[in-house]
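For reference, the structure is listed below as structure tokens.
We use all heavy atoms of the structure for the numbers below, so side chains are in, but hydrogens, waters and symmetry mates are not. We count ligands from 1, going down the list as the structure has it; atoms in each ligand are counted the same way. Computed from a predicted structure; not experimentally measured.
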Amino acid sequence: MKKYDVTGIGNALVDIEFKVTDQFFFENGVEKGLMTLVDEERQNSLMNVINATEAKKQAGGSAANSIVAVSQFGGKSFYCFRVANDELGHFYLQDLNDSGVDIALVPERLENGITGKCLVMVTEDSERTMNTFLGITQNFSVKDVHESAIKDSKYLFIEGYLVTSPNGKEAMLYSKKVAEGAGTKVALTFSDPAMVKYFKANFDDVIGPSVDLLFANEEEAMLYTSKDNLAEAREEMKKYARHFVITMGKNGAMIFDGDTFIDIEPYKTTAIDSNGAGDMFAGAFLYGITNGHSYASSGKLASMASSKIVSQFGPRLKWHEAKEILARLNP
Ligand SMILES: OC[C@H]1O[C@H](O)[C@H](O)[C@@H]1O
């Protein structure tokens, strides 16, 4: 019997989220729709141009968002991450504690440095564009990986953003090895099309012969498999993962359960902010499959939860919202 449903590894970032226009991207040389790594100076100068009074500050980080979702739906989760001994680092620790996620870091053990920040810019079409200053999370390494938590989990969940650094990639490989040696299943998310575009070779190394579960959106699936249509991409994906999920935004998702494809219906909503929608899908799905739900039922939960996320600002649900969604799944 494993103690945790899911242990995650990934970046710890505090999101600072603003509404912007396409014109702002044009005038400031920002590439829309992607996550771009920037230094703190560039991040600050962009924030100075934006109207700071409308900012929303919230704990984020892709895998962290998913791990918090597991906990909010009632699962047991653990997160491996790195923040600094600064105001945002303490804010982040408090957030994970309040979210019911088990962690190894305590305030007394935080190192000096700057906690990572993600400038999330949301346009009227609800698309999220991120300029991320990694700060101390760029040093995330095997030292931050909690071996015993991985061994005591049903799933290890690996954030794809870690492929950008040698130490991040090493931590991915190490965690996967620990998981495989302990009978813990390995789930990986590509995180962002830019990661697949620029770091495909690193993903090849991490995936190795295959992983148990892979999360991708349509663009990532096509980029990774070098196919220009989803029908071929999904067939090709079978080579890399025993099970996988391809999210398709307002068209729902498709799940490969190891045998057949399951179509997951979208839930209609007024889209405000797509930040964290994929993370929520992954977190809710992982909660489902580790808590006795079928793939179809877990996909339905994930679809309901991610549609709720896009209907509001920020990547996370409130506790009562998670409970309400779960109640709608099992009326
Ligand atoms: O996937 C969304 C998340 O990615 C980035 O890591 C941001 O922190 C944001 O919360």
Side-chain angles (χ1 to χ4, degrees), residues 8-20 30-38 40 43 46-47 55-70 72 79-84 88-89 91-93 95-96 99 101 114-123 126-138 140 157-165 168 172 187-196 199 215-217 219-220 245 247 249 271-286 302 305-306 308-310 312-317:
I9 67 163
N11 286 317
L13 298 168
V14 174
D15 290 355
I16 302 162
E17 194 158 352
F18 299 90
K19 287 182 193 164
V20 298
V30 176
E31 203 174 345
K32 187 177 173 181
L34 296 181
M35 190 287 288
T36 306
L37 292 178
V38 295
E40 196 179 22
Q43 204 182 48
L46 285 171
M47 281 196 270
K56 181 178 167 86
K57 185 180 86 174
Q58 204 171 334
S62 175
N65 293 337
S66 305
I67 290 299
V68 165
V70 171
Q72 288 183 323
Y79 194 53
C80 307
F81 64 104
R82 192 183 281 212
V83 290
L88 291 184
F91 170 76
Y92 202 88
L93 281 194
D95 177 80
L96 286 184
S99 302
V101 175
I114 305 172
T115 294
K117 283 174 286 190
C118 180
L119 170 56
V120 184
M121 295 160 280
V122 183
T123 34
S126 78
E127 177 139 41
R128 104 292 187 249
T129 299
M130 300 187 289
N131 273 208
T132 304
F133 165 62
L134 288 173
I136 202 167
T137 191
Q138 75 187 339
F140 180 88
F157 181 57
I158 305 176
E159 179 180 298
Y161 285 126
L162 293 175
V163 286
T164 60
S165 70
M172 293 166 105
L188 169 73
T189 171
F190 282 134
S191 295
D192 187 277
M195 297 299 103
V196 183
F199 300 96
F215 292 93
N217 65 23
E219 194 180 351
E220 291 155 4
V245 173
T247 52
I272 306 265
D273 173 14
S274 61
N275 181 31
D279 306 336
M280 177 51 67
F281 198 103
F285 187 76
L286 283 165
S306 53
K308 180 71 186 170
I309 283 295
V310 301
Q312 60 192 23
F313 257 104
R316 299 197 184 163
L317 294 174

Is the contact between [X] and ligand 1 made by the side chain, the backbone, both, or neither, using heavy atoms and a 4.0 Å cut-off?
| X | value |
| --- | --- |
| Asn65 | side chain |
| Val120 | neither |
| Met130 | side chain |

Could you tell me, atom by atom, which parts of ligand 1 come under 4.0 Å of a heavy atom of [X]?
| X | result |
| --- | --- |
| Asp279 | 1 (O), 2 (C), 3 (C) |
| Asn275 | 2 (C), 3 (C), 9 (C), 10 (O) |
| Leu13 | 6 (O), 8 (O) |

Salt bridge check, Asp95 against Arg316: does any charged N sit closer than 4.0 Å to a carboxylate O?
yes

Looking only at heavy atoms of Asp15, does any of them come nearer than 4.0 Å to an atom of ligand 1?
yes

In this structure, OG1 of Thr132 is separated from CG of Asp15 (nearest 0.5 Å) by 8.0 Å

When rounded to the nearest 0.5 angstrom, what distance separates CG in Leu13 from CG in Leu134?
6.5 Å

Is the ring pair Phe285/Phe215 parallel, tilted or perpendicular, if the boundaries are 30 and 60 degrees?
perpendicular

Compute the shortest N/O to N/O distance between Cys118 and ligand 1 and return yes if it is under 3.5 Å, no if not.
no

Do Ser126 and Asp273 have side-chain atoms, one donor and one acceptor, less than 3.5 Å apart?
no

If you draw the axis of the six-membered ring of Phe91, does the NZ or CZ of Lys57 fall within 45° of it and under 6.0 Å from the ring centre?
yes

